[in-house]
Number of protein chains: 2
Amino acid sequence: MEKTVKRSKCPISCSLDIFGDKWSLLIIRDLMFFGKTTYGEFLKSAEGISTNILAARLQSLEESQLLIRTEHPDSKAKVLYKLTEKAVDLLPMIVEIHLWAEKHLTITPETRALIQEVKKDKEGFITKIMTKLSERI
Amino acid sequence: MEKTVKRSKCPISCSLDIFGDKWSLLIIRDLMFFGKTTYGEFLKSAEGISTNILAARLQSLEESQLLIRTEHPDSKAKVLYKLTEKAVDLLPMIVEIHLWAEKHLTITPETRALIQEVKKDKEGFITKIMTKLSERI
DNA sequence: TATTTGCACTTGCAAAATGCAAGCAAAAAT
DNA sequence: ATTTTTGCTTGCATTTTGCAAGTGCAAATA
C-alpha cells in the first residue's frame, strides 16, 4: 500500500503511480458512466475484481483524492463513493482511450456506435458528461 | 505473461489489459519524447526498471503490436525498437495525462512550461509530434 | 424481540508478478 | 586475443494479487 513512493518527477510516471494499474480506472469508469456508487455495485462489474483488491483500490483512490467516501442517503450500512473534481478531470483522457480502442481494438457494435457519437463532437460530449458529474460532487 | 486474457469487452478494460501497468507507457514515452530506441537506453530512465521486467514489457508490447524490434543500423549487437502507428496513436491520451498532471499534481517548472505550450495549441502539438514519429515508422 | 439477510469490508493462504543481483552469449572494440 | 558492450536470462526474495471464508454492524423479517 505504498502509493506514496514517486518513482520520478515525470508527469506520466507520477500519474501512473496514482492510477496506473489494472483496476483503478475501471472503478472510475463505473462511477463516471455506469452510475455505480457502492462497494457492492463495483464488485458486480464484468471484470470481476476481488473483494480485498477492491477495498485496497478504493482506499488508495481516496488517499489520492480521486474519490471520497460519504454517507449513503438510503442506509447507514452503505457507503456512497463519489468522484472528486480531480477524478472528473480524467474524462478527456478516458475519452481518448475510447477513441484509441475504437481504432485499434475489437469493440462491440454497441460500444462502437457510442464512440462514433463521441467522435462527432468530442468537446461537446466531454462538456456534457463533466457538467452532469460536477452536479453530483 | 498472460497478456491474452481479456477481462471483459469494455474498451477501457481491454486497453488496460494492454498497457495498464506501471511500465509500458513509460517505455512508449521514452520512444515518443526522448528519442530512446534501445534496451540500454530504456534501462537508464529515471524510474529504474529492472532488466527482467524491461525484457518482459518489451516482449508484451511487441506482442500487442505497440512496438517492433528491428535491426540497428549501427551494430548487430543492438536492437532498435520502433513505435508502431498503434502506439503513436496513443499520443492524444498521453497529452491528456500531461494536462491532467499539470492541473492536479506537483510538476517541475520546466515540465509545466512545456505543458503550457501544449495547451496553447493542443491539436497543433499532437499533429507535429505524430508527423515526426510517423516519418520514423 | 429474535433471527436472518445485506453490506462493506478483513483475514489467511496460494499463486503470480516484481525487484535485485548475478550470469551469459554474441558482437564490437581494443 | 582479450576486454567491453549489448541485450538479454536465471535464481531467489519480496510484494502484489486472487480466491475463499469469515466478521461486525445495520436493516429487514418473523
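FYI, side chains are in, hydrogens and waters are out, and symmetry mates aren't considered; it's all heavy atoms of this structure. Below, chains carry the letters A, B, ... as their sequence lines are ordered, and counting in each starts from 1. As the structure is a prediction and not an experimental result, all values here were calculated from the model.
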Residue A:Asn52, side-chain atoms from C-beta onward, closest of C:dA28, D:dG18, D:dG7: D:dG18
Interatomic distance, A:Lys122 atom NZ to A:Ile115 atom CD1 [nearest 0.5 angstrom]: 12.5 Å
Donor/acceptor link under 3.5 angstrom from B:Thr51 side chain onto base of D:dT9: yes
Length of the line joining B:Asp74:CG and D:dT6:P, which is rounded to integer Å: 11 Å
Residue whose nearest DNA chain D nucleotide is more 5′ - A:Ala77 or A:Ile49: A:Ile49
Residue-phosphate contact under 4.0 Å: A:Trp23 side-chain N/O, D:dT16 OP1/OP2: no
Closest to the B:Arg57 side chain, choosing from C:dT18, D:dC8, D:dG18: C:dT18
Sugar-phosphate only, base, or nothing, as touched by B:Tyr81 at under 4.0 Å among non-hydrogen atoms: sugar-phosphate
Side chain of A:Ser75 (C-beta onward), nearest among D:dA26, D:dG18, C:dC9: D:dA26
Shortest side-chain distance from B:Ser50, nucleotide among C:dG6, C:dA27, C:dC20: C:dC20
A:Leu61 CG - C:dA8 C1' separation (whole Å): 16 Å
d(CZ, B:Phe42; P, D:dC8) in whole Å: 10 Å
Approximate separation, where rounding is to 0.5 Å, of B:Leu31 CG and B:Thr37 OG1: 7.0 Å
Of the listed nucleotides C:dG19, D:dT9, D:dT17, the one nearest the side chain of B:Tyr39: D:dT9
Interatomic distance, B:Leu16 CG vs D:dT17 C1' [rounded to whole Å]: 16 Å
Interatomic distance, A:Leu43 CG vs C:dA8 C1' [rounded to whole Å]: 9 Å
Interatomic distance, A:Ser15 atom OG to B:Glu102 atom CD [nearest 0.5 angstrom]: 11.5 Å
A:Ala55 side chain, from C-beta outward: closest of D:dT9, C:dA8, C:dC9: C:dC9
Atom-pair distance (NZ on A:Lys76; P on C:dC7), nearest Å: 18 Å
Atom-to-atom span, CG of A:Leu54 to P of C:dT11 - whole angstrom: 16 Å
B:Arg7 side chain near D:dG18 phosphate (N/O to OP1/OP2, under 4.0 Å): no
Side-chain heavy atoms of A:Glu96 within contact of B:Leu90, under 4.5 Å: no
Parallel, tilted or perpendicular: rings of B:Phe42 and B:Tyr81 (30°, 60°): tilted
Protein-nucleotide distance (A:Ile53, atom CD1; C:dT11, atom C1'), rounded to Å: 13 Å
